[in-house]
Amino acid sequence: MDESKPLKVRLTFSVILVGVSLLFAAVVTDHWAVLSPRVEASNATCGAAHFGLWRLCTKRIFRQEKGPKEKGCGPISLPGEHNCSYFKHFTPGQSSEIFEVTTQKEYSISAAAIAIFSVGFAIIGTICVLLSFRKKRDYLLKPASMFYTFAGLCIIISVEVMRQSVKRMIDSEETDWIEYSYSWSFACACASFVLLFICGITLLLIALPRFPQNPWETCMDAEPEH
């Protein structure tokens with residue numbers, strides 16, 4: 001038996017917990033993308049927006065002086081009147097008129113649903129690893145590694161769905177958005193994919209039985225016939 005295996009599992013699990021934390025941060029926050037409309041008048045107020053999987057936040061801010069070719073609003077970090085509301089398809093009683101046309105309902109629901117699957121896989125994987133720390137339960141490491149890998153794949157799919165949604169909003173002629181940028185929630189989702197996917201594969205390799213280094217090891221370890 002590999003005596004360093006428990007240490008390898010704990011080190012890998014520590015990195016996985018960082019990935020899970022980034023995953024939760026990405027799912028519950030609303031800084032996936034920042035949208036900026038066209039502003040023609042100088043020193044005018046404008047309404048920039050940032051949103052996530054569940055909620056949209058708008059801010060009325062003064063336009064910052066930019067070059068002659070830059071007509072956007074922002075940056076979003078400037079002070080201004082801040083207002084947040086959940087997407088109407090998640091909370092029918094609330095209003096989110098700004099997204100009635102500019103967002104794709106199917107994209108938003110799909111991204112949120114896939115992210116929920118990712119969170120579920122991460123939770124189940126964590127439970128399996130914690131149970132495996134008890135004696136003679138190393139077999140739980142294999143399903144745990146697969147759950148973490150699936151969690152990473154789900155969150156990167158959610159990221160791509162969100163990216164396509166933002167692109168379609170910018171390209172649509174029915175919207176005023178001309179500029180966009182991805183924010184820190186988006187970066188957390190991408191980072192969680194890298195950690196969960198790589199560490200999930202690593203945990204699987206650690207959980208697999210050690211291959212014999214010499215051809216005669218298998219014969220020597222076999223039980224004698226009675």
Side-chain angles (χ1 to χ4, degrees), residues 11-37 47-59 61 64 66 70 72-80 82-87 90 96 98-99 102-104 106-123 125-126 145 147-171 175 177-203:
L11 289 176
T12 304
F13 184 55
S14 299
V15 180
I16 287 175
L17 288 181
V18 176
V20 173
S21 300
L22 292 173
L23 173 63
F24 275 95
V27 171
V28 302
T29 54
D30 45 39
H31 285 78
W32 282 62
V34 178
L35 302 175
S36 175
H50 63 86
F51 67 96
L53 297 173
W54 321 99
R55 196 172 66 159
L56 166 75
C57 295
T58 59
K59 180 183 280 190
I61 58 180
Q64 189 180 44
K66 298 184 178 181
E70 298 183 64
C73 178
I76 196 73
S77 57
L78 291 175
H82 199 256
N83 183 35
C84 294
S85 62
Y86 288 93
F87 292 145
F90 293 127
S96 56
I98 191 172
F99 258 46
T102 59
T103 193
Q104 306 294 328
E106 293 78 10
Y107 280 87
S108 178
I109 294 176
S110 298
I114 297 171
I116 288 297
F117 276 109
S118 179
V119 171
F121 284 138
I123 292 175
T126 301
S145 65
F147 282 127
Y148 285 130
T149 304
F150 292 152
L153 292 175
C154 284
I155 194 60
I156 199 61
I157 293 173
S158 181
V159 165
E160 177 60 21
V161 172
M162 180 66 75
R163 195 182 69 84
Q164 292 296 328
S165 176
V166 172
K167 186 176 183 300
R168 292 193 62 173
M169 281 190 285
I170 296 298
D171 294 340
T175 70
W177 311 117
I178 62 169
E179 293 180 358
Y180 73 95
S181 62
Y182 298 111
S183 193
W184 58 269
S185 298
F186 188 89
C188 286
C190 294
S192 68
F193 157 70
V194 173
L195 294 179
L196 291 175
F197 185 80
I198 294 178
C199 291
I201 298 298
T202 303
L203 189 62

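Every residue meeting the side chain to side chain contact (heavy atoms under 4.5 Å, CB included) condition with Cys154, not counting sequence neighbours, appears here in chain and number order: Ile114, Phe117, Ser118, Phe121. Under the side-chain hydrogen bond (donor to acceptor under 3.5 Å, both in side chains) criterion, Thr126 pairs with Tyr148, not counting sequence neighbours. Evaluation of the side chain to side chain contact (heavy atoms under 4.5 Å, CB included) rule for Ile123 yields Phe24, Val119, Ile127 as partners, not counting sequence neighbours. For Glu160, the side-chain hydrogen bond (donor to acceptor under 3.5 Å, both in side chains) partners two or more places apart in sequence, or in a different chain, are Arg163, Gln164. Annotation: side-chain hydrogen bond (donor to acceptor under 3.5 Å, both in side chains) contacts of Ser185 (sequence neighbours excluded): Thr29. Residues satisfying the side-chain hydrogen bond (donor to acceptor under 3.5 Å, both in side chains) test with Thr202, not counting sequence neighbours, are none.
The CG atom of Leu203 lies 13.5 Å from the CD1 atom of Ile198; values are rounded to the nearest 0.5 Å. Cys199 SG to Leu11 CG: the interatomic distance, rounded to the nearest 0.5 Å, is 10.5 Å. If you take SG on Cys190 and CG on Leu22, they are separated by 11.0 Å, rounding to the nearest 0.5 Å. Atoms OG1 and CZ, from Thr149 and Phe197 in turn, are 6.0 Å apart once rounded to the nearest 0.5 Å.
Between Ala115 and Ser158, the shortest heavy-atom contact is CB-OG, 3.9 Å. Here the shortest heavy-atom pairing between Ser183 and His31 reads CB-O, 2.8 Å.
Between Phe150 and Phe147, the ring planes lie perpendicular to each other; the angle is over 60°, past the 30° to 60° tilted range.
Of the candidates Ile16, Val27, Ile155, Ile155 is the only one forming a side-chain contact (heavy atoms from CB on, under 4.5 Å) with Ser192.
Considering only heavy atoms from C-beta on, Trp32 comes within 4.5 Å of Val159 through its side chain. Annotation: side chain of Tyr182 is in contact with side chain of Val166 (closest heavy-atom distance under 4.5 Å).
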